[in-house]
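Single-structure report; data block below.
So you know, we letter chains A, B, ... as the sequences are listed, proteins then strands, and number each from 1.
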Protein chains: 2
Amino acid sequence: MARAGLTADRLARAGAELADEIGFEQVSPSTLARHFGVQVASLYSHVRGAHDLKTRIAQVALDELADKAADAVAGRAGRDALVALASVYRSYAREHPGRYAASQYRVDPGSVAVEAGRRHSELTRAVLRGYDLGEPAQTDAIRLLGSLFNGYIGLELGGSFAHSAPSSDESWARILDAIDSLLRNWTQI
Amino acid sequence: MARAGLTADRLARAGAELADEIGFEQVSPSTLARHFGVQVASLYSHVRGAHDLKTRIAQVALDELADKAADAVAGRAGRDALVALASVYRSYAREHPGRYAASQYRVDPGSVAVEAGRRHSELTRAVLRGYDLGEPAQTDAIRLLGSLFNGYIGLELGGSFAHSAPSSDESWARILDAIDSLLRNWTQI
DNA sequence: TCATTTGCCTAACACCTTTAGGTATGCGCA
DNA sequence: TGCGCATACCTAAAGGTGTTAGGCAAATGA
């Protein structure tokens, strides 16, 4: 019998794709084994278990997202950079809901994925350079933006904004305007 | 053998308490059956299955949270009301992490729990009356606040703010100040 | 071509969810 | 008080998942 050619990396990447199709929650050693036409136990040579698998998928998503974010922010500043960064997260969540859910997977401290989290904060910090905030305002603002993006996307994906006016797109745009304004005037609060 | 006296309601409430002890993820027909000293299959007379059980626990948490929020907001306005509402959510999440996680459980449309979600928006709308926003700004602001609260608490519970200065408490307080200021000046963005 | 590595296999265990049908408990009523 | 009935909880069983242990055979390199 020909071998499937599994590696931890291929499993993680296939898991990420599978997550977009069937939902991150549903991705597991068994679904992934079925996907590769392989016995479940065979995965355990490449991955320590279900948690390890999900962590690796989270890592894939987090890296991919950070790459896109870095691209979007490059060469922009201020409001432009803010909107670009926000748009990357939101688009990614819509186009790759499974991967986005994976990026939210609680990864234990000490994992390599923690590093990816730091990369995201640094990207946000870069956007904030255009607003000239000192410390601790800058860290506060990073936390605010991270919370807002994650929170908005989470609620939107959950359908919270689906059945009422204004449309989610419109709210999102105006909220970003508001946040831009807030960041510009942060020092004089 | 004496009967345990199960009802859907008792299961949901016990599930909520159990969630705080062992984590919402871990609460399931089997853990709950063990908790009541009862065979797993016995739960199925009261609850349709695992999903139904979790939805009911979510409902308990959502209601309890809305009650606390209504209490906190009553008799306050403006910044006071904003801080009080925010504080209710954050305290609840810290004191009852399992219940809070339950409140985030994706409940299918048409479920009674959707109604509880609406109650939360209305509470936020009440807080915003102190800021004198028209539409669509008011709805935008509701979405902003909901996103921010959920997002901040989610990141905080995940440990994102644990290992760096300033403390989460300090950031939270200053972010609320910033949001208060933003809401007061929303119309002149 | 042979030895070795190792990728994938089978087998087995423990646990979980769900369904079907049986037993007995506790209530309402005579 | 005792009887009948509804139903709360039970046992049994099927099918799924995660994980470990050990075996066979395919690829790799000498």
Per A:Ala41 side chain, nearest of listed nucleotides C:dT10, C:dC8, D:dT19: C:dT10
Between P of D:dA13 and CD of B:Gln39, the distance in whole Å: 14 Å
Spacing of B:Gln26 atom CD relative to D:dG18 atom C1', expressed in whole Å: 14 Å
Between D:dG18 (P) and A:His51 (NE2): distance, integer Å: 14 Å
Nucleotide of C:dT17, D:dC10, C:dC16 approaching B:Arg34 most closely (side-chain heavy atoms): C:dC16
Salt-bridge criterion met for A:Arg174 and A:Asp169 (N-O under 4.0 Å): no
Between C1' of C:dC16 and NE2 of B:His35, the distance in whole Å: 19 Å
Residues B:Asp67 and B:Arg119 bridged, charged N to O under 4.0 Å: yes
Worked check of ring pair (Phe, Tyr, Trp, His ring centres under 6.0 Å) between A:His120 and A:Phe149: CA-CA 12 Å; A:His120 284 272; A:Phe149 294 169; over 10 Å; no
A:Tyr100 and A:Phe24 aromatic centres sub-6.0 Å: no
N or O in side chain of A:Ser42 less than 4.0 angstrom from C:dC9 OP1/OP2: yes
B:Ser28 side chain, from C-beta outward: closest of C:dC16, D:dC9, D:dT17: C:dC16
Protein-nucleotide distance (A:Leu32, atom CG; C:dC8, atom P), rounded to Å: 12 Å
Between P of D:dT19 and CZ of A:Arg48, the distance in whole Å: 11 Å
B:Leu53 CG - C:dT17 P separation (whole Å): 9 Å
Proximal nucleotide (of C:dC8, D:dC9, C:dT18) relative to the B:Ala50 side chain: C:dT18
OP1 or OP2 of C:dC16 under 4.0 Å from side-chain N/O of B:Ser30: yes
Test item: B:Leu128 and B:Leu82 side chains (from C-beta on) under 4.5 Å apart, heavy atoms: no
Nucleotide C:dC8, atom P - distance to NE2 of A:His46 in whole Å: 5 Å
